[in-house]
Student: 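The structure under discussion is supplied below as structure tokens; questions concerning it will follow.
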Amino acid sequence: MALAAAFNAFKSSNLVSWKQTGRLQQTLAGCIERAGKTLHSGEVSTIRIWPDLAGQGRYFDFRSNLILASIDFAEESPLCTTLCKNGFRIRTIEHLLSALEATGVDNCRIEIQNSDPEDGNVEETDSSQKCPQMFMQVPIFDGSANEWVRAIKDVGLKVATDHFGNSREKMAPYVIEPVHVWRNDSFVAAFPSEKVHITYGINFSEVHGIGCQWFSSASLDDYFYSEQIASSRTFCIYEEVEQMRNAGLIKGGSLENAIVCSFEKGWLNPPLRFPDEPCRHKVLDLIGDLSLFAQFGSQGLPMAHIVAYKGGHALHADFVRRLCGKI
């Protein structure tokens with residue numbers, strides 16, 4: 001892509017300016033294949049991640065139905081991030097996207113398949129139009145992004161090229177003035193910075209094992225992510241498990257894929273990998289959700305000091321929409 005065309009593809013706004021990074025877009029040097037149990041359905045799914053051309057970005061492929069990993073297809077869903085297009089839904093994508101964004105996999109095709117190729121986890125949600133909704137989920141593994149980071153490092157990266165064999169420079173979104181979104185006492189804000197910093201706070205004052213925690217990254221890069229963020233696991237409150245299962249959620253949840261804290265007994269499956277592991281996992285989720293800002297193989301994570309408090313997937317998505325000028 002010519003330099004002028006590259007700039008034209010990225011539309012700056014009063015909040016974000018797209019700039020050159022001096023780095024070339026990358027893709028995987030080979031295919032990654034992993035299979036595992038999914039969190040909400042408890043079924044087994046297989047993920048194959050294939051190298052792709054520069055400018056294609058990251059996208060999911062379910063039976064040749066393609067869904068771009070973009071905020072344009074994100075919808076609000078409980079406890080996870082979901083992409084939806086033409087009745088096809090891909091759930092619990094945040095850990096995988098977090099690893100891909102943080103390790104610099106800019107372009108790839110993510111093929112997803114249930115253990116039974118004929119089973120699309122069909123749910124009838126529109127009785128008037130008889131429109132089936134197909135749900136697919138990414139495996140949960142141990143509840144962190146560790147498995148994905150290891151797989152990416154094992155296969156390695158290479159410079160991505162387009163159909164003509166040309167490489168493309170990677171663009172990055174720079175926040176040029178403070179921006180924020182909020183719901184009640186929860187918020188996500190970003191302030192101009194030449195490097196990516198993330199500060200995150202959580203407050204579970206009624207759960208003494210968790211309490212109020214803050215975590216801040218000095219500067220977020222591949223090494224820091226791999227050593228300090230990727231291994232932090234998802235967490236839940238033990239007394240809320242039955243309610244979530246009654247709602248049809250976390251059927252595949254267990255002490256092997258989450259850290260569980262009780263109001264009275266504290267952590268049920270210690271030791272923690274970090275004293276503030278729950279807060280670090282929120283950073284992991286945030287990176288995955290912010291990756292939905294990426295386009296044409298660009299960087300999704302904004303160049304900014306991002307500060308979040310008591311956030312979640314829905315609020316993270318609102319923040320990306322705010323950066324896009326959609327809200």
Student: Which pair of heavy atoms, one from P173 and one from G300, lies closest together, and at what distance?
Tutor: CG-O, 4.1 Å

Student: Identify the heavy atoms of K153 and S226 that sit nearest to each other, and give their distance.
Tutor: CE-OG, 3.4 Å

Student: Suppose we screen for salt bridge (charged side-chain N to carboxylate O under 4.0 Å, His left out). Which residues come up paired with D285, at least two apart in sequence or across chains?
Tutor: none

Student: Do R168 and D162 touch side chain to side chain, with heavy atoms closer than 4.5 Å?
Tutor: yes

Student: Are I287 and Y225 side-chain neighbours, meaning at least one heavy-atom pair lies under 4.5 Å?
Tutor: yes

Student: Grouping I, L, V, M, F, W and Y whenever their side-chain heavy atoms are under 4.5 Å apart, do I237 and L272 come out in a common cluster?
Tutor: yes

Student: So which atom in Y309 and which in D185 form the shortest heavy-atom distance, rounded to 0.1 Å?
Tutor: CD2-O, 3.3 Å

Student: Can you tell me how far the CH2 atom of W214 sits from the OH atom of Y200, to the nearest 0.5 Å?
Tutor: 9.5 Å

Student: Does E75 have any salt bridge (charged side-chain N to carboxylate O under 4.0 Å, His left out) partners at least two apart in sequence or in another chain, and if so, which?
Tutor: R89

Student: Taking all non-hydrogen atoms of both residues into account, name the closest pair between L83 and A69 and its distance.
Tutor: CD1-CA, 3.8 Å

Student: Run the ring-centre check on W50 versus F60 and record whether the distance is less than 6.0 Å.
Tutor: no

Student: Going by the salt bridge (Lys or Arg N to Asp or Glu O under 4.0 Å) test, which pairs reach into residues 233-251, not counting sequence neighbours?
Tutor: R233-E277

Student: Quick one: do V307 and L15 end up in the same hydrophobic cluster if we chain Ile, Leu, Val, Met, Phe, Trp and Tyr together by side-chain heavy atoms under 4.5 Å apart?
Tutor: no

Student: Can a salt bridge be assigned to the pair R34 and E147 using a cut-off of 4.0 Å between side-chain N and carboxylate O?
Tutor: yes

Student: Taking C-beta and beyond as the side chain, do P302 and V196 meet within less than 4.5 Å on heavy atoms?
Tutor: no

Student: Are a donor atom and an acceptor atom from the side chains of S144 and D142 found within less than 3.5 Å of each other?
Tutor: yes

Student: Report yes if some heavy atom in the side chain of D52 is under 4.5 Å from a heavy atom in the side chain of Y59; otherwise report no.
Tutor: yes

Student: Give me the atom names and distance for the closest heavy-atom approach of M303 to A172.
Tutor: CG-CB, 4.0 Å

Student: Please determine whether residues M244 and I140 belong to a single hydrophobic cluster, defined as Ile, Leu, Val, Met, Phe, Trp and Tyr linked transitively by side-chain heavy-atom distances below 4.5 Å.
Tutor: yes

Student: At their closest point, which heavy atom of V149 faces which heavy atom of A230, and how far apart are they?
Tutor: CG2-CB, 3.8 Å

Student: For residues 319-327, which side-chain N or O atoms pair as donor and acceptor with protein atoms under 3.5 Å away, sequence neighbours left out?
Tutor:
residue	atom	partner	partner atom	Å
R321	NH1	D318	OD1	3.3
R321	NH2	A74	O	3.1
K326	NZ	D72	OD1	3.2

Student: For the atom pair OG (S232) and CD1 (I229), what is the distance rounded to the nearest 0.5 Å?
Tutor: 5.5 Å

Student: Taking the side chain as every heavy atom from C-beta outward, state whether H40 and Q137 have any atom pair closer than 4.5 Å.
Tutor: yes

Student: Do L249 and L39 belong together in a cluster built from hydrophobic side chains that touch within less than 4.5 Å?
Tutor: yes

Student: Can you list everything that forms a salt bridge (charged side-chain N to carboxylate O under 4.0 Å, His left out) with K85? Sequence neighbours excluded, please.
Tutor: none

Student: Do the side chains of I176 and V16 get nearer than 4.5 Å, heavy atoms only?
Tutor: no

Student: Would a 4.5 Å heavy-atom cut-off, applied to side chains only, mark T199 and F215 as touching?
Tutor: no

Student: How about E177: does its CD atom have over 12 heavy atoms from other parts shown lying under 6.0 Å from it?
Tutor: yes

Student: In Å and rounded to the nearest 0.5 Å, what is the CD1 to CG distance from I67 to N86?
Tutor: 8.0 Å

Student: For the residue pair H316 and H313, categorise the inter-ring angle as parallel (less than 30°), tilted (30 to 60°) or perpendicular (more than 60°).
Tutor: perpendicular

Student: Please tell me if the side chains of F204 and F235 come closer than 4.5 Å, counting only heavy atoms from C-beta onward.
Tutor: yes

Student: Identify whether the distance between the nearest side-chain nitrogen and carboxylate oxygen of K282 and D289 falls below 4.0 Å.
Tutor: no

Student: Is it the case that Q26 and N107 place a side-chain donor and acceptor less than 3.5 Å from each other?
Tutor: no

Student: For the atom pair CD1 (I110) and CD1 (I49), what is the distance rounded to the nearest 0.5 Å?
Tutor: 5.5 Å

Student: Checking E111 now: which residues fulfil salt bridge (charged side-chain N to carboxylate O under 4.0 Å, His left out) with it, not counting sequence neighbours?
Tutor: R48, R109

Student: Can you get from L220 to F274 by hopping between Ile, Leu, Val, Met, Phe, Trp and Tyr side chains that sit under 4.5 Å apart?
Tutor: no

Student: Quick check for you: to the nearest 0.5 Å, what is the distance between F263 atom CZ and H208 atom NE2?
Tutor: 9.5 Å

Student: Around atom NZ of K310, are there more than 12 heavy atoms from other residues, nucleotides or ligands closer than 6.0 Å?
Tutor: yes

Student: When rounded to the nearest 0.5 angstrom, what is the spacing between CG in D106 and CE in M171?
Tutor: 13.0 Å

